[in-house]
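Report on the following structure.
Just so we're on the same page: letters track the sequence lines, and every chain starts at 1. Side chains are part of it too, since the values below use all heavy atoms of this structure and drop only hydrogens, waters and symmetry mates. All of these numbers come straight from a predicted model, not from anything done at the bench.
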Amino acid sequence: MNVSINGARRHFDPPPATIADLVRELKLEGKRIAVEKNGAIVPKSRYAETEVADGDRLEIVGAVGGG
Amino acid sequence: MNAPDDRTALSESLVIAGRAYRSRLLVGTGKYRDFAQTREAIVASGADIVTVAIRRTNIGQDPTAPSLLDALPPSEFTYLPNSAGCYTADDAVRTLRLARELLDGHRLAKLEVLGDKDSLYPDVRQTLKAAETLVAEGFELMVYTSDDPIVARELEQIGCVAIMPLASLIGSGMGILNPWNLRLILDQAKVPVLVDAGVGTASDAAIAMELGCAGVLMNTAIAQAADPVRMARAMKLAVEAGRDAFLAGRMPRKFYAASPSSPTSGLIS
């Protein structure tokens with residue numbers, strides 16, 4: 001499965017079924033992040049039930065230093 | 001004790017969107033050498049509210065690497081996520097929606113929409129547009145803008161909880177270039193007005209407070225000082241001194257109305 005994460009194409013085999021699987025695969029579990037799938041925010045409470053499909057565009061953001 | 005007592009200090013909280021904060025100095029968290037210095041400087045500044053930026057997570061980074069959130073736990077500080085680096089209303093709205101999700105529904109945010117990559121001057125049309133959308137979605141917006149009093153009034157009418165005009169360009173350290181415009185904004189505003197951007201050193205912060213600003217937001221002036229921790233402390237003291245001077249009510253400026261401070265009678269000659 002190929003998905004775009006933060007503008008870069010990534011291949012997954014086996015494919016993650018849900019956002020929760022993907023977050024675990026990326027070792028971001030428990031980190032303070034926010035996820036957007038195809039332009040819509042996926043609330044944390046819905047990671048486990050939100051499916052990931054081939055071609056999805058994902059944005060994963062965090063808080064960094066800034067003014 | 002010859003300082004104002006605690007009663008004065010307590011009644012003197014900065015109130016934004018119904019919540020009280022002890023410090024009138026708000027600080028950014030960017031441009032420091034490392035997270036240890038970030039923390040040390042911010043603790044020295046006494047700030048309660050710290051701004052953070054929202055950026056793409058570095059995928060594949062060591063998951064145990066320290067993060068800003070470890071250095072400045074959200075339990076200890078009030079996070080003010082910003083839309084820094086956004087050049088359109090749509091990007092700013094998208095960024096602050098992600099920030100709200102990231103911070104578990106936190107509604108306080110700093111809206112900033114820039115219009116020029118060289119000067120970082122705010123784009124007020126895009127700022128007004130983004131403010132309308134975000135306020136309607138329940139955001140409590142502290143809004144970075146130009147020092148135009150008409151724009152400031154419109155942003156307040158939209159429902160922003162604080163107006164934050166620039167003193168001079170972001171990162172310039174040029175100080176308060178147009179105190180008269182700030183006065184116009186301060187005279188009409190019913191929400192807190194904070195100077196955001198342009199402060200270079202402690203006297204700039206003090207002048208902003210003496211003008212009657214509710215607070216000052218800065219980042220570069222502290223982070224890029226040769227000794228950021230000492231400058232953070234200087235800014236804390238300057239903001240406090242400027243606020244006290246404003247409340248005390250300064251003497252009128254008198255041109256040549258010479259009035260000596262010592263008695264004019266009883267001189268020995």
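Residues of residues 60-67 of chain A placed with any heavy atom under 4.5 Å of a heavy atom in chain B are listed by number as A:I60, A:V61, A:G62, A:A63, A:V64, A:G65, A:G66, A:G67.
Using a 4.5 Å heavy-atom cutoff, the side chains of A:V35 and B:L98 are not in contact.
In terms of heavy-atom pairs under 4.5 angstrom with chain A, the leader among B:L26, B:I54, B:L217, B:L72 is B:I54. Your options are A:L26, A:L28, A:I33, and the one with the most heavy-atom pairs under 4.5 Å with chain B is A:I33.
The neighbour count for A:M1 CE, taken as heavy atoms of other residues, nucleotides or ligands under 6.0 Å away, is above 12.
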Check every N and O of chain A against chain B and note each donor-acceptor pair under 3.5 Å, with its distance.
from, atom 1, to, atom 2, distance (Å)
A:N6, O, B:R56, NH1, 3.2
A:N6, ND2, B:T57, O, 3.1
A:K31, NZ, B:P63, O, 2.6
A:R32, NH1, B:L102, O, 3.0
A:R32, NH1, B:D104, OD2, 3.1
A:E36, OE1, B:R94, NE, 3.0
A:E36, OE1, B:R94, NH2, 2.4
A:E36, OE2, B:R94, NE, 2.9
A:K44, N, B:E101, OE2, 2.9
A:K44, NZ, B:E101, O, 2.5
A:K44, NZ, B:D104, OD1, 3.3
A:E59, OE1, B:R56, NE, 2.8
A:E59, OE2, B:R56, NH2, 2.7
A:I60, O, B:T57, N, 2.7
A:I60, O, B:T57, OG1, 3.3
A:G62, N, B:R55, O, 2.8
A:G62, N, B:T57, OG1, 3.4
A:G62, O, B:R55, N, 3.0
A:V64, N, B:A53, O, 2.8
A:V64, O, B:A53, N, 2.8
A:G66, N, B:T29, OG1, 3.0
A:G66, O, B:T29, N, 2.8
A:G66, O, B:T29, OG1, 3.4
A:G66, O, B:T51, OG1, 2.9
A:G67, O, B:N82, ND2, 2.6
A:G67, O, B:K110, NZ, 3.4

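Contacts between B:L102 and chain A at a heavy-atom distance below 4.5 Å involve backbone atoms as well as side-chain atoms. Contacts between A:I5 and chain B at a heavy-atom distance below 4.5 Å involve the side chain alone, from C-beta outward.
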